[in-house]
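Presented below is the structure to which this report refers.
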Amino acid sequence: MRKTLLIIFMFSTFAASAQENIIKLNFSSLLLGNIGLQYEANLNLHSSLCIGISYLPSSHLPKFIRDEDSTKNLESLTFSGWSFTPEYRYYVSGKAPTGFYLAPYFRYSTYTIDEIILTYSSTATGLEIAVPAYGTFKGTTVGLMVGAQWSLSEHLSLDWWILGAGFGSQKAELTALGNFSPTDVQDIKNELADIDVTGDLQYNVNSNSVNISYDPETPGIRGFGICLGYKF
């Protein structure tokens with residue numbers, strides 16, 4: 001509740017002091033089921049301040065992100081969550097809020113992993129055993145985005161997020177509960193040891209649970225985006 005009131009207060013403060021304001025809807029993110037809104041307020045002739053909020057209802061991972069070797073587990077993944085992204089824009093061409101711009105930004109993301117099915121081969125039975133797991137993914141990123149914005153009419157604008165990248169911390173944590181025999185414990189450890197991923201993968205397996213922690217240790221990518229805005 002406090003976070004919601006703080007965001008509303010920030011929005012109202014910027015709107016009251018800004019020369020021009022734009023509320024935008026990210027249409028490209030809608031293709032992935034993600035609802036993204038951004039508010040932009042002019043600061044002066046060449047700069048503005050933006051605040052973006054996005055919400056993802058419970059969804060599966062898009063097929064183009066899965067690789068062939070990991071599809072078996074990733075097909076079962078469902079997750080939901082939100083992100084908060086303030087950014088400063090400097091328009092290197094044109095007059096704010098139109099033209100090409102550079103945008104340093106900060107992003108905080110938090111997602112709930114509603115379910116993912118982990119599988120391992122049992123040496124005792126020769127069968128593949130499926131275990132449901134649940135968890136979270138959280139990330140903080142500081143980066144830079146390049147984009148361009150055009151005025152389509154008196155009240156409409158088009159904002160193109162060309163590409164953004166940044167560095168920060170990211171971590172996924174998973175927990176699967178069960179009643180695992182000593183053989184199961186070793187089989188699960190062997191399965192996890194064979195996973196070939198970039199980054200830091202750690203795990204702890206005992207008779208009651210499987211706990212996995214993963215940090216991809218890769219740059220955060222802020223991808224392509226097309227936003228339609230209403231100016232007021």
Side-chain angles (χ1 to χ4, degrees), residues 26 28-29 31-34 36 52 54-56 58-85 87 102-121 128-147 161-178 180 184-206 209-225:
N26 189 334
S28 53
S29 69
L31 299 176
L32 302 177
N34 194 28
S54 67
Y55 172 69
L56 180 69
S58 186
S59 306
H60 287 280
L61 199 65
K63 288 185 178 181
F64 67 86
I65 296 180
R66 313 171 196 162
D67 62 61
E68 293 181 358
D69 295 331
S70 59
T71 296
K72 178 176 59 176
N73 288 334
L74 291 183
E75 280 183 347
S76 65
L77 172 63
T78 56
F79 60 104
S80 58
W82 60 276
S83 66
F84 173 66
T85 311
E87 70 181 54
L102 299 175
Y105 69 89
F106 169 80
R107 170 168 287 180
Y108 173 76
S109 304
T110 177
Y111 293 93
T112 298
I113 300 172
D114 302 316
E115 184 178 72
I116 182 171
I117 303 300
L118 306 180
T119 60
Y120 66 96
S121 298
E128 187 173 82
I129 309 298
V131 181
Y134 313 90
T136 60
F137 176 86
K138 294 183 178 182
T140 56
T141 305
V142 176
L144 178 68
M145 184 178 71
V146 178
W161 302 352
I162 299 173
L163 183 63
F167 294 89
S169 64
Q170 304 174 73
K171 179 170 284 189
E173 295 184 332
L174 291 172
T175 298
L177 302 178
F180 306 113
D184 291 330
V185 170
Q186 188 58 51
D187 289 338
I188 294 171
K189 288 181 177 179
N190 292 341
E191 195 78 26
L192 293 172
D194 288 339
I195 296 177
D196 183 18
V197 293
T198 301
D200 181 25
L201 177 66
Q202 298 183 12
Y203 51 86
N204 179 49
V205 185
N206 56 50
S209 65
V210 179
N211 297 288
I212 302 172
S213 176
Y214 175 57
D215 180 354
E217 296 182 348
T218 56
I221 300 299
R222 188 176 176 187
F224 171 90

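Residue indices begin at 1 and follow the sequence shown. What's counted below: heavy atoms across the whole structure, side chains too, no hydrogens, waters or symmetry copies.
- Shown here are the side-chain contact (heavy atoms from CB on, under 4.5 Å) partners of Glu115, two or more places apart in sequence or in another chain: Thr78, Ile117, Pro132, Tyr134.
- In this structure Ser28 satisfies the side chain to side chain donor-acceptor pair (under 3.5 Å) test together with Asn26, sequence neighbours excluded.
- Surrounding CG of Asp196 are at most 12 heavy atoms belonging to other residues, nucleotides or ligands under 6.0 Å away.
- Applying the side-chain contact (heavy atoms from CB on, under 4.5 Å) rule to Ile195 yields the partners Leu192, Val197, Leu201; only residues at least two apart in sequence or on another chain are considered.
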Per-pair distances, 0.1 Å, donor-acceptor, side chain in residues 168-178, under 3.5 Å, sequence neighbours excluded:
| unit_1 | atom_1 | unit_2 | atom_2 | d |
| --- | --- | --- | --- | --- |
| Ser169 | OG | Thr140 | OG1 | 3.0 |
| Gln170 | NE2 | Thr218 | O | 3.0 |
| Thr175 | OG1 | Asn211 | OD1 | 3.1 |

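- Among all heavy-atom pairs drawn from Gly164 and Tyr105, the shortest one is C-OH, 4.1 Å.
- The closest side-chain heavy-atom distance from Leu144 to Pro104 is below 4.5 Å.
- In this structure the side chain of Asp187 never reaches within 4.5 angstrom of the side chain of Ile129, judged on heavy atoms.
- Tyr214 contributes atom OH, which lies 12.5 Å from atom CD of Gln202 (distance to the nearest 0.5 angstrom).
- Qualifying side chain to side chain donor-acceptor pair (under 3.5 Å) partners for Asn206, counting only residues two or more places apart in sequence or in other chains: Ser209.
- Scored by the salt bridge (Lys or Arg N to Asp or Glu O under 4.0 Å) test, Arg222 finds Glu87 as partners (sequence neighbours excluded).
- Rounding to the nearest 0.5 Å places OG1 of Thr119 at 4.5 Å from CD of Glu128.
- For the atom pair CZ of Phe84 and OG1 of Thr110, the computed distance is 14.0 Å after rounding to the nearest 0.5 Å.
- With Ile116 as the partner, the side-chain contact (heavy atoms from CB on, under 4.5 Å) test is satisfied by one option alone out of Val131, Leu77, Ile212: Leu77.
- Here CZ of Phe224 is found 9.5 Å from CD1 of Ile162. Values are rounded to the nearest 0.5 Å.
- Here the straight-line distance linking atom NZ of Lys189 with atom CG of Asp184 works out to 12.5 Å at 0.5 Å rounding.
- Here the OG-CG distance, from Ser59 to Asp114, works out to 9.0 Å after rounding to the nearest 0.5 Å.
- Note on ring orientation: taking the six-membered ring where Trp is involved, the planes of Phe180 and Tyr120 are perpendicular (angle over 60°, cut-offs 30° and 60°).
- Taking 4.5 Å as the limit, some side-chain heavy atom of Val210 sits within range of a side-chain heavy atom of Val205.
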Practice task
Evaluate the side-chain hydrogen bond (donor to acceptor under 3.5 Å, both in side chains) criterion for residues Ser83 and Ser54: first the C-alpha distance (whole Å), next the side-chain angles of each, then the deciding distance (0.1 Å), finally the verdict.
Solution key: CA-CA 5 Å; Ser83 66; Ser54 67; 2.5 Å; yes
